[in-house]
Amino acid sequence: SPTHAGMSFRSAVLHVTVAQTLLAFLPAGTDWRLAREIRSGEVATQLIQPMSLPLRQFAISFGRALAQAVYILPAFAAFLWWFDLSLTPKTIPLALASVGLSFVLLFCIDFVVALAGFIATDLWGITASKDALVMFLGGALIPMAFFPAAFQAVLSWLPFGHFFNT
């Protein structure tokens, strides 16, 4: 079968599907939620509670991601079955570990962006720019194999390339 940038059509479809599936449940909206809580003043009461703010936000985000995964992953499994694609059993634990680490990294980026809410009055532009950068540089929109080699080398050192290309 013909290939482009080292990817066959089948592997490109699998990559885009995996990336879009991860994009559906990994970003848990920490930046939008925390910015809203900062703007409303609700964060003031959370800061005096015995649980740390980052840990509380992580717990909320993790619960939201798990809830979304419950109804997204069966659709992903059906897609894999429909197109006769499969994951090898020995790679499943590595894939789960990679997804977990991607979630932690995305949470950290979201949390840092949300902290700008203490300074800026509206985070829409900052958050939308961050979302666009994460999706584009992470390979969720275009597989990283299609980027120029020099750009791929730079992205391999940045966190973006490890969200959806694992």
Report yes or no: do W124 and F118 belong to one cluster of Ile/Leu/Val/Met/Phe/Trp/Tyr joined by side chain heavy-atom distances under 4.5 Å?
no

Rounded to the nearest 0.5 Å, how far apart are CG of L26 and CG of L106?
6.0 Å

Shortest non-hydrogen separation from A35 to A114 and the atoms involved:
N-CB, 4.4 Å

Classify the angle between the aromatic ring planes of F107 and F58 as parallel (below 30°), tilted (30 to 60°) or perpendicular (above 60°).
perpendicular

Shortest non-hydrogen pair, A69 vs P74, comes out as O-CD, 3.9 Å

With side chain to side chain contact (heavy atoms under 4.5 Å, CB included) as the test, would you mind laying out the steps for D131 and D31 before giving the verdict?
CA-CA 10 Å; D131 290 341; D31 45 2; 4.1 Å; yes

Mind checking whether W32 and L123 have side chains closer than 4.5 Å, heavy atoms only?
no

Check whether M135 and F146 end up in the same hydrophobic cluster, where Ile, Leu, Val, Met, Phe, Trp and Tyr are linked by side-chain heavy atoms less than 4.5 Å apart.
yes

Below 4.0 angstrom, N of the basic side chain to O of the carboxylate: do R33 and D110 qualify?
no

Find the distance between CZ (F111) and OG (S61) and round it off to the nearest 0.5 Å.
9.5 Å

Determine, stepwise, if the pair F147 / F136 fulfils ring pair (Phe, Tyr, Trp, His ring centres under 6.0 Å).
CA-CA 11 Å; F147 292 152; F136 181 72; 5.2 Å; yes

Under the 3.5 angstrom rule, does the side chain of T45 hit a backbone N or O of E42 as a donor-acceptor pair?
yes

Between CG on residue L34 and CD on residue Q46, distance to nearest 0.5 Å:
7.5 Å

Interatomic distance, CG@L53 vs CG@L47, rounded to 0.5 Å, equals 5.5 Å

Walk me through it: do E37 and Q57 pass the test side chain to side chain contact (heavy atoms under 4.5 Å, CB included)?
CA-CA 11 Å; E37 291 171 359; Q57 291 295 326; 2.9 Å; yes

Is it true that the side chains of T30 and R64 contain a donor and an acceptor less than 3.5 Å apart?
no

Same apolar cluster: L101 and I92, side chain cutoff 4.5 Å:
no

Where I126 and A120 come nearest, the two heavy atoms and their spacing:
CD1-CB, 4.5 Å

Could you report the tightest heavy-atom contact between A140 and A19, atom names first, then the distance?
CA-CB, 3.8 Å

Evaluate M144 against L137 for side chain to side chain contact (heavy atoms under 4.5 Å, CB included), listing each step before the verdict.
CA-CA 8 Å; M144 287 178 56; L137 298 178; over 6 Å; no

Hey, could you give me the NZ/CG distance between K130 and L133, rounded to the nearest 0.5 Å?
9.5 Å

Do V70 and L66 have side chains that approach each other closer than 4.5 Å (heavy atoms only, starting at C-beta)?
no

Same apolar cluster: L55 and V43, side chain cutoff 4.5 Å
no

Do L80 and W82 sit in one hydrophobic cluster, given that two such residues count as connected whenever their side-chain heavy atoms are within less than 4.5 Å of each other, even indirectly?
yes

